[in-house]
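Input: a single structure, listed below in structure tokens.
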Amino acid sequence: MSNQWAKDSLSLRKKILETQYARLNGKQKEAVFHTEGPLLILAGAGSGKTTVLIQRIANIIRYGNAYESTEFSPELSETEYELLTRYAAGDEGVDRRAADALLSCRPAKAWQILAITFTNKAAGELKDRLYAMLGDEGNDVWASTFHAACARMLRRDADRIGYTSHFTVYDTDDSRRLMKDCQKALNIEERFLPVKAILGEISRAKDSGLSPKEYAKTAGSDFRLSKIAEAYEMYQRRLREGNAMDFDDLLLNAVNLLESSPETLDYYQNRFRYVLVDEYQDTNRIQCRFIKLLAGKWKNLCVVGDDDQSIYKFRGATIENILYFEREYPDAHVIRLEQNYRSTQNILDAANGVIANNSERKGKTLWTGNGEGEKLSIYTADNEQNEASYIVDVLIEQAAKGRSYSDFAVLYRMNAQSNTIEKNLVKSGIPYRIIGGHRFYERKEIRDMIAYLSVINNPGDEVRLRRIINEPKRAIGDRTVNLASEISEGLGISLFEVLTHADEYERLQRSSQKLMGFAAMITELMEFNAAHEESLHELYEHLLEKTQYIPSLDPHSDDTQTRIENIHELASNLLRFETEHDEVSLSAFLEEVSLMTDIDNYNAAAESVVLMTMHAAKGLEFPYVFLPGFEEGIFPGFSALMNPTEIEEERRLAYVGITRAKEKVYILHADSRMLYGSTNRNRLSRFAQEIPEELTEKSRTRQWEKLDSSLRRPEDAKLSRAATTQSAYTIGAGQANPSAASLYFPGERVSHKSFGEGEILKVTAMGNDALLEIAFDTVGTKKLMSNFARLKKI
DNA sequence: CCCTGGCCGCTTTTT
DNA sequence: GCGGCCAGGG
């Protein structure tokens, strides 16, 4: 083969590959084609980073390092060269598989690729898109969260670190219960050291890879720290005794497993030729170590992150990891993705304007080809009620224009803000969903059911055993359980074991029948599970029957019906799990459940407005975004005001919030706000003021709403007059086309097809439409758009 | 053992 | 303003 021939072949190969990924921009292509060695992708919001990740994986599987490699094996024959020439020319008749085989250079098998994300949702999306692109082979890619990947490794080799493969994963609530227990046993007053504080400290210790012993050394003579060390020691011992791990243990134990077992490390290092990590700015130290270990052999490690979107510092995430990456891998290739495909230029300029005030950043300026778009609107409300009703008004107005409710998101700083907005949405009959708040798996009845299943799976789990031992009431009180627990501690056996032979212990004589009855029931359920392992829903039915949980619920309580529905909902979840998974077992189900969160169930297609925190919204996008509570003391939050680093973290959160929007951002703030039962006056957030003025449009509470406000105080009136003169009304200015408005008058009676009959209280012109406030006889007062409402006069 | 009334306290939280 | 948690009486 002549040099010229080889050169031609290579350039032909490049040309073909380029056309395969023609829809990507230059930087994106660079990221896709650079497969070997460490790679850092700094990807701005909306820069198509998920697409890049997926295409990159697909490229590795299809073509390997074909683009950058100078080797071509085997050497091309003349017919093969011709085949490629035709392929390059776009000839449809070419055998694609044959051509791909010729083009590729050391492609990887799908199972050699590990892609780590932070949410199950992101992992699921990755899996789905890989499947769509690669078919069944796509399923072989390990696409999972850090925690799920660790759990999977630990299940396999649990015995190597002193666990059984049926170990239970504790969530925050379980951890708290356990810690409370430990504090009681160690006489550590909660007012001296709150549960949360100790757990936070332990979490930090685990992040640094410190065992209880090592932590105790660092504590030195500090009294508080040494108490925490004691608590840590006991907490960890109890977890181990219960064959349980908390979230941090999943990572810590996985790292310990890899570091202590050379065979295991070897196996995974050889296996994972390519490792990809999404949202790298949110990784903590232990996650960084985990990744480093896995990618240790091939060093084909690609991390994607955006320092400007680092909003989990408070949980141990450290931007250091990005800086460290370049230090650890000096030959790392760095690619910046700055072209945004999501938002308008105005939105990006606003976000850029805000984030530019942060000093600690790598520096990056987003731009887009999407055009300027609308200005951001900044609305000043009198109070939080008015802020909420403004959101509702805009929603109604936009819905009247044919916008779908699912195009809107309300993103706030803290969950407590959702209440007022929720009530206003209910009042107007607007469909909505709240992400966060009470999650399905956090409801009491569901937690109880999960606890039963956990105990059946792992009877050593004392925390969950205690949760259900008297639920429903079996006349087994705390005293008895504590007594039994002490006995078990003394004998070094599990609490459950003590319960099974309760009559053998004199101190338990009085309640031994009840304890043994309970233990026998659990044993029976365990046997049932062993005999019908594939049928989780049957086990569940049996469990409900045996425990008489549903009949025990108070029939006079308002929420009993909802609880029963939730219990049945869990049954369908079990059934769904059985049909969706090849390998069905109780442990597998419990593992999935323990790592699941609310956001995973978010479905963008559902026809409703979505409410969530800005944290939860990361990675999502919406045409219209409302950002209520842009006030000093709310956002940035009260405790961040005095602390420059925390202010910077809040500012990044503001950046995340603004960049969620594709078309329009509504920033809202209230002159006075009731929160936690007391009213405060807050100034407009600095973040709103950091947006260049020419990008914004300001407005404030309209007169007709002010008249309506019963909460109004004299000083408000004065304030609003001053503000009104300097800023124009934008939305729903009163002097629009009066035609629709003149159809209806206050006092008239009308009928609506779902709300029934009512009396018009107020009519306000809005564009060609009119906003009607109607007091319905049965469903209360609602605001409706007249064109939309199809009212009949009576 | 279990129910009820008063009191505290309260960012964000992918897992 | 509301819910979770503990103490005391039934």
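Heavy atoms only: backbone and side chains are in, while hydrogens, waters and symmetry mates are out.
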* Pairs satisfying salt bridge (Lys or Arg N to Asp or Glu O under 4.0 Å), at least one member in residues 626-639 of chain A, at least two apart -> A:E631-A:R673, A:E632-A:R686
* Asked: If every non-hydrogen atom of A:L495 is compared with every non-hydrogen atom of A:S485, which pair is closest and at what distance?
  -> CD1-N, 3.6 Å
* A:E384 CD to C:dG1 P, straight-line distance once rounded to whole Å -> 10 Å
* Asked: Taking CE from A:M614 and P from B:dT14, how many angstroms apart are they, rounded to a whole number?
  -> 15 Å
* Atom pair distance, as rounded to whole Å: CG in A:N383 and P in C:dG1 -> 14 Å
* To do: Check A:T318 against A:R285 and note the closest heavy-atom contact, atom names and distance.
  => CG2-CG, 4.2 Å
* **Residues, nucleotides or ligands: over 12 heavy atoms within 6.0 Å of A:Q548 CD** => yes
* Tell me what A:G477 touches on the nucleic acid: a base, only sugar-phosphate, or nothing, going by heavy atoms under 4.0 Å. => sugar-phosphate
* Round to a whole Å and report the spacing from CZ of A:R177 to P of C:dG4. => 12 Å
* Asked: Hey, would you say the A:H615 and A:Y312 ring centroids sit under 6.0 Å apart?
  -> yes
* With sugar-phosphate meaning primed atoms plus P, OP1 and OP2, does A:D282 contact a base, only sugar-phosphate, or nothing at under 4.0 Å between heavy atoms? -> base
* To do: May I ask you to decide whether A:R176 forms a salt bridge with A:D246, counting only side-chain N to carboxylate O separations under 4.0 Å?
  => no
* Which part of the nucleic acid, if any, lies within contact of A:N419, taking any heavy atom under 4.0 Å across all strands shown: a base, the sugar-phosphate backbone alone, or nothing? -> nothing
* **Torsion-based syn/anti label for B:dT12, 90° from 0 as limit** => anti
* Asked: Base, sugar-phosphate, or nothing for A:T117, non-hydrogen atoms under 4.0 angstrom?
  -> nothing
Considering only distance and modelled atom types, tabulate donor-acceptor pairs under 3.5 Å from the side chains of residues 141-150 of chain A, sequence neighbours left out.
{"unit_1": "A:S144", "atom_1": "OG", "unit_2": "A:A149", "atom_2": "N", "d": "3.4"}
{"unit_1": "A:T145", "atom_1": "OG1", "unit_2": "A:A148", "atom_2": "N", "d": "3.0"}
{"unit_1": "A:H147", "atom_1": "ND1", "unit_2": "A:F247", "atom_2": "O", "d": "3.4"}

* For A:D248 and B:dT14, give me the distance from atom CG to atom C1', rounded to whole Å. => 13 Å
* 5′-ward residue of the pair A:I476/A:E279 relative to DNA chain B -> A:I476
* Specify the separation, in whole Å, of atom CE of A:M612 and atom P of B:dT14. => 12 Å
* Indicate, with a heavy-atom threshold strictly under 4.0 Å, whether A:K180 touches base, sugar-phosphate, or nothing. => sugar-phosphate
* Asked: If the sugar-phosphate is the primed atoms plus P, OP1 and OP2 and the base is the rest, what is the B/S/- string for nucleotides 3-13 of chain B, using protein heavy atoms under 4.0 Å?
  -> S------BBBB
* **Spacing between A:E190 atom CD and C:dG4 atom C1', to the nearest angstrom** => 12 Å
* **Nearest-Å distance for atom pair CD/C1', residues A:E471 and B:dC1** => 14 Å
